[in-house]
Amino acid sequence: MFKKLHTKEGKKFLIAVAIVFVVAVTVISKATFQGVEDQYNLPMEEWPVSLFIIQGTWVAIYSIIFTILGSLPFGFYFLGPKDDRG
């Protein structure tokens, strides 16, 4: 598998994974942090450190999961078998 990642197509796949990760972190962090502010009417200036840690952990977990799921089509496209069947 590592040999495939060192090819031109493998590098394109890794770039696609990085882009998916950045998009996932951006969207999920916006939804998570803004959601806490809106739902509990609690501005970030008043958050305790533990709330930042908990929300940051959730952002990390969900971002990893969505990155894995979002990268599957790119894996098939870039790393899948190449043939002439449409």
Side-chain angles (χ1 to χ4, degrees):
M1 185 64 191
F2 289 116
K3 288 182 182 180
K4 279 190 173 184
L5 292 178
H6 289 296
T7 63
K8 185 177 180 181
E9 295 296 318
K11 291 179 183 177
K12 288 180 183 177
F13 170 71
L14 292 176
I15 290 170
V17 169
I19 291 170
V20 169
F21 180 74
V22 168
V23 169
V25 167
T26 303
V27 171
I28 293 169
S29 63
K30 173 73 173 167
T32 302
F33 289 105
Q34 190 65 41
V36 171
E37 282 188 334
D38 293 344
Q39 186 170 0
Y40 298 109
N41 197 19
L42 185 65
M44 280 191 179
E45 295 84 24
E46 298 177 12
W47 286 21
V49 174
S50 62
L51 188 57
F52 278 108
I53 292 170
I54 290 170
Q55 295 305 316
T57 303
W58 281 115
V59 168
I61 291 170
Y62 280 117
S63 296
I64 291 169
I65 297 300
F66 283 120
T67 299
I68 292 169
L69 292 175
S71 297
L72 287 175
F74 293 111
F76 288 121
Y77 182 76
F78 289 120
L79 304 176
K82 305 291 185 238
D83 58 4
D84 294 333
R85 293 182 288 164

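Once rounded to the nearest 0.5 Å, the distance linking CZ of Phe13 with OG of Ser71 reads 5.5 Å.
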Assess whether side chain to side chain contact (heavy atoms under 4.5 Å, CB included) is satisfied between Val59 and Phe33, documenting all intermediate values. CA-CA 9 Å; Val59 168; Phe33 289 105; 4.0 Å; yes

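Residues Leu14 and Phe74 share a single hydrophobic cluster, defined by chaining ILVMFWY side chains whose heavy atoms lie under 4.5 Å apart. By the rule that hydrophobic residues join a cluster once side-chain heavy atoms approach within less than 4.5 Å of another member, Trp58 and Leu42 end up as members of one cluster. At a threshold of 4.5 Å between side-chain heavy atoms, the hydrophobic network of Ile, Leu, Val, Met, Phe, Trp and Tyr places Ile61 and Ile68 in two separate groups. Under the 4.5 Å side-chain contact rule for hydrophobic residues, Leu69 and Val23 do not share a cluster. Both Leu51 and Ile28 are assigned to one and the same hydrophobic cluster, defined by single-linkage of ILVMFWY side chains at heavy-atom distances under 4.5 Å.
Within the 4.5 Å cutoff, the side chain of Glu9 has heavy atoms near those of the Lys12 side chain. Residues Trp47 and Val36 form a side-chain contact, since some pair of their non-hydrogen atoms from C-beta on lies under 4.5 Å apart.
When all heavy atoms of Phe66 and Ala24 are compared, the closest pair comes out as CB-CB, 4.3 Å. For the pair Gly10 and Leu79, the tightest heavy-atom approach, listed with the atom from each and the gap, is CA-CD2, 3.8 Å.
Contacts classified as side chain to side chain donor-acceptor pair (under 3.5 Å) and involving residues 34-44 (residues at least two apart or in different chains) are given here: Gln34-Asp38.
Shown here is Phe76, whose CZ atom has no more than 12 heavy atoms of other residues, nucleotides or ligands within 6.0 Å.
Annotation: ring pair (Phe, Tyr, Trp, His ring centres under 6.0 Å) contacts of Tyr77 (sequence neighbours excluded): none.
Remark: the backbone N or O of Thr26 is paired with a side-chain donor or acceptor of Ser29 at under 3.5 angstrom.
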